[in-house]
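Numbering of residues begins at 1 and proceeds along the displayed sequence.
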Amino acid sequence: MFINGRQQDAIRLWPYLAFITCAVLAVGWYALQRSPSGIHFVRQTDSLAFADQYYFFDQAFFEPAVYNLSSEEGKAACEFPLLYYVTALLYRVLGYDDSILRVITFLLVVAGMLSFIRLGIALTGNRLLSFLSVGLVCGSCILYYYASNVLPDGAARGLTLLALGIGLHPNVSRAGLWLTYLLFLIACLIKITYLIYPAALAAYPLLRGTALDGISAGNRFVHFAGLGALGAAVVAWTIYVHHYNGLYGDRYFLTTWAPAWNMSAAARQDVWLYLSDYWSGAFYKPSSFVTLALSLPLVFCWFRKLLPGHATFILLACAGCAVLMVFFLEKFKDHDYYLLVTIPLAATSLLLLVGLIARKPNPRALRWMTVAALALLSYVGNRYAHQKLTNRLAVREDHFSTPVERLAGQGAVLQALGCLPAHTVAVVGDYTRNGSLFHLKRKGMTFSPERAKEAGRLLHTSHERFDFVLVRDSLDISLPAVYHPAGAIGNYRVFALH
């Protein structure tokens, strides 16, 4: 009665505004502006190469390509290229800046977390508990890192969280359900591994949902149509990717299964050691990890007190994550972003658990104990994650990025040596598929130092000539007489075709 309408709106909005502020401070503007470097440099430059083709070469939407010409005209497909296409459109409006894709990913992740804060308010009836619960989930270096990266995994996770925040809401409308499956559709086309979540969400309404559960016939139809359309689209895109890559001779971007049963006992043990001793420290602080890990069995202890749809979702999402790990176990050793698929499950189980605690009879003392515990865990966990992120970003060079780091932004220098944007280049000394080519904004091929002699033989015997050849200073290869020295750029010697 002492607060006007606008002040009440501000009070209702404080968890969202506070989270946005904390997210920007935690990730930092530097993380959003940095050029490709460090961990997963190879995949970073691959993603940006897709966007570049739409911008510089006007590729058709369904004809994605990269700089590397190992496939015909560089054409290759992987995840659904919507984000890359949108990024290229924004280049035309805002000017070329490869941080744009990072900002898009960051905004999607923040939107997903805000959606979960809204869900948490509905489940707990308390804004502070919801804010602190989501804050605890966010205290992960891996989550931070991919929230400000160009890899598609962060965007897919953000879209999945955004969809679940809407779809799991107890009072979701029919329009909200349609939006949920639209967001799931984009997320699963980008990363098919997130398909476990729409399947888990739709299971109860389709199999056992009744009007008594608040699931009308119209809502059941939305679940049926949404999941059916999503599944058909994912299958269609997968078939198209295999056909497209087969047509143009590319196998690099085809993800292959790496199931546990195809691995030796020693290899499986090696993966578990990586998960427990190496990746676990980057994933969460031990106190946060234990809290999130315990939230799942505790939710199962109160299984009957959950809404039927929520109970079924948790059960099937947990099973889906377990199946995913079995089928892709070998990938978990070297790809920390595979762990991201478990974050929506962890966030949901924690919110459901906190909701059960908050709604217990006479919960005042227990509620404040929960607030204190979540506040402490969230603060400590996010400080830990921010320090881990700072350390990770400080390592700009590695085995893959170091050989081409000095080529960054050198496209204009190369043009001064006579190499125009339409010319093709061969880069000898690059371990990556698109790293040096992305820096130079030229199409061509790359050869690792170990393949230097192979590159020399290819240049001697091939009928198709590259317009320019760049050879790393530390390498010595024999080039055909048709190439003459044209100068140097970074740590590479430049040879031009007569």
Side-chain angles (χ1 to χ4, degrees), residues 5 8-19 110-134 137 158-185 187 197-227 229-230 295 299 302-317 344-361 363 367 370:
Q8 288 177 341
D9 289 340
I11 291 173
R12 283 195 290 267
L13 288 174
W14 80 258
Y16 308 104
L17 299 175
F19 182 83
V110 170
M113 290 302 180
L114 293 177
S115 180
F116 255 65
I117 289 178
R118 175 177 174 271
L119 173 63
I121 293 172
L123 295 176
T124 65
N126 187 292
R127 288 177 174 78
L128 183 58
L129 281 174
S130 177
F131 173 75
L132 293 174
S133 298
V134 174
V137 173
L159 287 163
T160 300
L161 290 170
L162 185 54
L164 286 176
I166 299 170
L168 288 173
H169 197 285
N171 299 317
V172 61
S173 65
R174 194 169 303 172
L177 282 178
W178 282 118
L179 179 58
T180 295
Y181 282 101
L182 176 60
L183 294 168
F184 273 140
L185 172 63
Y197 290 108
L201 179 67
Y204 185 81
L206 291 181
L207 300 178
R208 299 192 63 184
T210 66
L212 293 176
D213 302 316
I215 302 172
S216 65
N219 283 0
R220 290 190 70 182
F221 172 76
V222 175
H223 283 289
F224 177 80
L227 186 62
L230 189 158
S295 68
V299 164
W302 286 316
F303 205 64
R304 293 183 180 275
K305 294 188 177 183
L306 297 174
L307 292 174
H310 289 168
T312 307
F313 171 81
I314 284 290
L315 184 64
L316 293 181
L345 173 62
T348 306
S349 63
L350 181 64
L351 283 181
L352 289 174
L353 176 62
V354 174
L356 291 170
I357 294 173
R359 296 185 182 279
K360 277 184 167 295
R367 180 181 298 171
T370 305

| field | Separation of Leu353 CG from Thr348 OG1 (nearest 0.5 Å) | value | 12.5 Å
| query | With a 4.5 Å heavy-atom cut-off, do Tyr204 and Leu316 have their side chains touching? | reply | no
| Given side chains that start at C-beta, do those of Leu315 and Phe303 come closer than 4.5 Å, heavy atoms only? | yes
| query | Yes or no on side chain to side chain contact (heavy atoms under 4.5 Å, CB included) for Val354 and Leu123, after CA distance, side-chain angles and deciding distance? | reply | CA-CA 8 Å; Val354 174; Leu123 295 176; over 6 Å; no
| Pair Ser349-Ser295, side-chain donor/acceptor within less than 3.5 Å | yes
| Would you find a donor on one side and an acceptor on the other, under 3.5 Å apart, between the side chain of Tyr197 and the backbone of Leu161? | no
| Donor-acceptor contact present, side-chain Thr312 to main-chain Pro308, <3.5 Å | yes
| task | Under the side chain to side chain contact (heavy atoms under 4.5 Å, CB included) rule, what do Leu345 and Ile314 come out as? Steps first, then yes or no, please. | result | CA-CA 7 Å; Leu345 173 62; Ile314 284 290; 4.0 Å; yes
| side chain to side chain contact (heavy atoms under 4.5 Å, CB included) assessment of Leu227 paired with Phe184 | CA-CA 9 Å; Leu227 186 62; Phe184 273 140; over 6 Å; no
| What do the steps show when you test Thr124 against Ile357 for side chain to side chain contact (heavy atoms under 4.5 Å, CB included), and what is the final call? | CA-CA 8 Å; Thr124 65; Ile357 294 173; over 6 Å; no
| query | Mind checking whether Ser115 and Ile166 have side chains closer than 4.5 Å, heavy atoms only? | reply | yes
| field | Side-chain donor or acceptor of Thr180 paired with backbone N/O of Gly176 under 3.5 Å | value | yes
| task | Report yes if some heavy atom in the side chain of Val134 is under 4.5 Å from a heavy atom in the side chain of Leu350; otherwise report no. | result | no
